[in-house]
Amino acid sequence: MQHGRSRRSLSTTTVHQLPNIFLLAFITKTLTQSGTRALPTDNTLPITESIVTQILRNNSLPTSKRLDFFRWCASLTHSYKHTACTYSYMLKTAARAGFLADIPNLLTMMKDDNVVVDSDTIRVVLDTFIRSGKFDVALQILDFVQDLETSSTLDSKVYDSVLLALVRKNQLGLALNILLKLLETCNGNVDLLPGAITCNELLVALRKADMQKEFKQVFDKLREKKGFELDTWGYNICIHAFGCWGDLTTPLKLFEEMKEKKGSNSVSKGPDLCTYNSLIHVLCLVSKAKDALIVYEELKISGHEPDAFTYRTIIQGCCKSYRMDDAIRIFSEFQYNGFLPDTIVYNSVLDGMFKARKVPDACQLFEKMVEDGVRASCCTYNILIDGLFRNSRAEAGYTLFSDLKKKGQFVDAITYSIVILQLCKAGELEEALSLVEEMEGRGLVVDLVTITSLVIGFQKQGRWDWTERLMKHIRESNLVPDVIKWKTDMEASFKSPQSKSKDSMPMFPSKGDFTKIMDLIGSPNSDLGSEDDIENDPWSSSPYMDQLASQAKTKNCNSQSFSLNRGKRVKSRGIDSFDIDMGNTFLSIFLAKGKLSLACKLFEIFRDMGVDPVSYTYNSMMGSFVKKGYFTQAWGVLNEMGEKICPADIATYNVIIQGLGKMGRADLASSVLDKLMKYDGYLDIVMYNTLINVLGKAGRISEVNKLFEHMKSIGVDADVVTYNTLIEVHSKAGHLKEAKNLFKMMLDAGCWPNHVTDTILDFLTMETEKQRLQKASILRSKDDDS
């Protein structure tokens, strides 16, 4: 009985469905054979939403036939009207099948029917256009949907999808405009706020594109919106980005904010290992390696274990700030904890060792690198070759270069540029030109840096006619003519009539002179509150970071007195881009020849063009003024550097010390040194040598000895210039025994004397003999008196 009832029920259902089945079959056959032109237009077919949906879902029909059927149904104005469901399915089908040209028409039909589809459909359509690269159409569709009266159906997922797609397609300008417009029109609607992941990806893209102004604009707008919170990833992105742009205050405030939100219902769960890594990186970038080391030690007891990135960051920071003993200690700790240093870490330590004059240690480290199976890169060998040249091991450096060439590996354009620079310094222009020819033979591009080295060499030896030989060897034939044309244009501009209104105006106006240097340098942390003024949490896992963050509330930590940023290798951008890189090239050429007036005129031309000088530009001008004894002009350059907020680097302070030494103000030089050592500065070997020379000539031998001991204590080895200067100042001060001990120390350290050493030793011998004769004369006088 039950089976009978089931069969009768099934039969009844089937009978009722037969008309629809026959209708579907008829429409499908007609569309397949003849298209919509064979369908009746007199509303005789009983079209329903169910019928339309089944036809649209029939994948055996081509998409074009389904589109035609959809439009045919829309023409049945009296008996049928499309619904949101059919519009949604048709839009998705057209988008996925690539019928993008039909979508705007479908949207217009939808608007005329006063129908609005769901957000998911709009998202699919927009994604399709963006993936196809049709960004303008996608934006038009978004505007079209937003203009609908019922556009409130759009939620944040639609905008997130669009923004993510644009960011991943590197269309940052469009993504930025959409986000800012969205934030302006959300009017407190939390559902329209973009998601944290979307904002994070946009912020990362802006950071990578170095769009600092736009990054801060997005950051400020998001912070203003109630209902939006940065997650931990977002906080870490902002800490890293602002720190890389020299802003220390904002990262410290964000760190404190993260700690305050920890344990609450916030999406941020407090600082994690990435947060500490970013903060250590930021502290190293702003030349606060001492603080970075304390935070690193604090990290290890805060519940987080340092990872490979932590070790790499702190090692690089120590190497760049010449804290080689700390760098080597952490490098050993890195290996002890089971990590395997990679090529980047080895390169950082090798570079630091060579700059600290630890040549034997650097060579041993390279051998260990090879034994550990770490693959050396071109950068590794470039560091080795450059380090050997800079440490008076030119023969070893050139031999390594020749061996690498024979093997046909690990030699790139920068390797050749390093060797060509040294050959030009040594006056070996023929050999340098032959290497240029060899570069072209290997398919390497001769860049602007290499050409600058050669042009300076030609200038020094008065061989401008050799530029024709240079042009024959360079594949990028436009580069040398550009350089020559720039030189011609510069000389023409020098000869052109100049405005007389500026004749009586100083090029670098200043108030005061170098004796006011302490007021100009100031104390970057002078308004810091003392530790006693800050309430410390005894249960905090990061008390020192808490202290730094609290200090950021009461002062501006962004007055960076020292920069660790490395210069970037400059590139030619064509004849129409007379930029600061090319200006610095010609400054080098003019100043190398001693043509200070031409260099000043070039600087003035660039300033009139609105080109902002960089630290190298100011350092070059100031150094030349100091060498010529024009201290007032040098002081003016330093003032302008401060006004343009151009961060000073080690070369800037080296010039300042030289100027104070020439002025006989060793007391001020000593004060500058104290301030640098107290407030996050560091000294390289050149700076140590300059200070030893200035203090020694002023008779401050005790300070010289303290400086030498400090130099050894942080892991910087003395070079031949250091020992020569020490021996000379001790000899002239009458400390002959100490001078002899220093010479013995020099030999024990494996630092071989040069011709300057011989001259100083001759003076030491004369002083020793003079002292011996004086003692003998005194003894004879005593004998005669007795």
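In what follows, residues are counted from 1 in the order of the sequence shown. FYI, side chains are in, hydrogens and waters are out, and symmetry mates aren't considered; it's all heavy atoms of this structure.
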Fill in the blank from the handout: Pro251 and Gly243 have their tightest heavy-atom pair at CG-N, 3.9 Å
Handout entry: Heavy-atom check, side chain of Leu283 versus side chain of Leu248, under 4.5 Å
Key = yes
Problem - Nearest-0.5 Å distance, CG of residue Leu299 to CD of residue Glu305 - result: 8.0 Å
Exercise for the section: Answer yes or no: is there a side-chain heavy-atom contact under 4.5 Å between Ile27 and Ile47? Expected result: yes
Can you list, pair by pair, the side-chain donor-acceptor contacts under 3.5 Å of residues 194-202, counting residues two or more places apart and other chains?
unit_1, atom_1, unit_2, atom_2, d
Thr198, OG1, Asp160, OD1, 3.2
Asn200, ND2, Ala196, O, 3.2
Asn200, ND2, Asp231, OD1, 3.0
Asn200, ND2, Asp231, OD2, 3.3
Glu201, OE1, Arg168, NE, 3.3
Glu201, OE2, Arg168, NH2, 2.8

Exercise for the section: State, to 0.1 Å, how close His82 and Val52 come at their nearest heavy-atom pair, and which atoms those are. Expected result: CE1-CG1, 4.1 Å
Problem - Glu49 side chain vs Thr83 backbone, donor-acceptor pair below 3.5 Å - result: no
Handout entry: Nearest non-hydrogen partners of Thr28 and Leu61, listed with the distance
Key = O-CD2, 4.1 Å
Practice task
Check for a donor-acceptor pair, side chain of Lys92 on one end and backbone N or O of Val124 on the other, with a separation under 3.5 Å.
Solution key: no
Exercise for the section: May I ask you to check whether Glu257 and Tyr235 show a side-chain donor-acceptor distance below 3.5 Å? Expected result: yes
Practice task
Verify side-chain contact (heavy atoms from CB on, under 4.5 Å) between Val345 and Tyr311, making sure each step is shown before the conclusion.
Solution key: CA-CA 9 Å; Val345 175; Tyr311 284 111; over 6 Å; no
Problem - Lys169: partners by side chain to side chain donor-acceptor pair (under 3.5 Å), with sequence neighbours left out - result: none
Problem - For the student: nearest non-hydrogen atoms of Leu203 and Cys238, plus distance - result: CD1-SG, 4.1 Å
Handout entry: Lys290 side, atom NZ; Ser321 side, atom OG - distance, nearest 0.5 Å
Key = 12.5 Å
Practice task
Indicate yes or no: at least one non-hydrogen side-chain atom of Lys65 is less than 4.5 angstrom from one of Thr32.
Solution key: no
Problem - Side chains of Tyr87 and Asp113 in contact at under 4.5 Å (non-hydrogen atoms) - result: yes
Exercise for the section: Determine, stepwise, if the pair Ile237 / Leu230 fulfils side-chain contact (heavy atoms from CB on, under 4.5 Å). Expected result: CA-CA 10 Å; Ile237 292 168; Leu230 290 172; over 6 Å; no
Problem - More than 12 heavy atoms of other groups within 6.0 Å of Lys181 NZ - result: no
Exercise for the section: For a side-chain contact (heavy atoms from CB on, under 4.5 Å) with Leu91, tell me which candidate from Thr128, Leu107, Thr86 qualifies. Expected result: Leu107
Problem - Aromatic ring pairing Phe215/Trp245, orientation class (parallel under 30°, perpendicular over 60°, tilted between) - result: perpendicular
Practice task
Measure the CG-CG distance between Leu182 and Asn177 for me, rounded to the nearest 0.5 Å.
Solution key: 12.5 Å
Handout entry: Asn236 versus Asn277, side-chain donor and acceptor atoms under 3.5 Å
Key = no
Exercise for the section: With rounding to the nearest 0.5 Å, note down the distance linking CE in Met545 to CD in Gln547. Expected result: 10.5 Å
Fill in the blank from the handout: Contacts of Lys216 meeting side-chain contact (heavy atoms from CB on, under 4.5 Å) (sequence neighbours excluded), chain-then-number -> Asp220, Phe242
Fill in the blank from the handout: The reported gap from CG in Leu548 to CZ in Phe255 (rounded to nearest 0.5 angstrom) is 9.0 Å
Problem - Gap between atom CG of Leu293 and atom OH of Tyr544 - 0.5 Å precision - result: 10.0 Å
Fill in the blank from the handout: Between Pro306 and Leu273 the two heavy atoms that sit nearest each other are CA-CD1, 4.4 Å
Handout entry: Student check: side-chain heavy atoms of Leu67 and Met90 closer than 4.5 Å
Key = yes
Practice task
Please tell me if the side chains of Thr121 and Met110 come closer than 4.5 Å, counting only heavy atoms from C-beta onward.
Solution key: no
Problem - Verdict with reasoning, Glu224 to Leu183, per side-chain contact (heavy atoms from CB on, under 4.5 Å) - result: CA-CA 10 Å; Glu224 292 172 359; Leu183 293 176; over 6 Å; no
Practice task
Taking all non-hydrogen atoms of both residues into account, name the closest pair between Ile55 and Phe69 and its distance.
Solution key: CG2-CD2, 3.4 Å
Handout entry: Min side-chain heavy-atom separation Arg71-Asn105 under 4.5 Å
Key = yes
Practice task
Could you check if a side-chain atom of Arg96 sits within less than 4.5 angstrom of a side-chain atom of Thr63, using non-hydrogen atoms only?
Solution key: no
Handout entry: Stepwise side-chain contact (heavy atoms from CB on, under 4.5 Å) test for Asn59 and Arg66
Key = CA-CA 9 Å; Asn59 293 328; Arg66 285 182 276 176; 3.5 Å; yes
Problem - Short side-chain donor-acceptor distance under 3.5 Å, Thr275 and Asp272 - result: yes
Practice task
Give a yes or no on whether the backbone of Ile130 and the side-chain of Asp127 come within a donor-acceptor separation of less than 3.5 Å.
Solution key: no
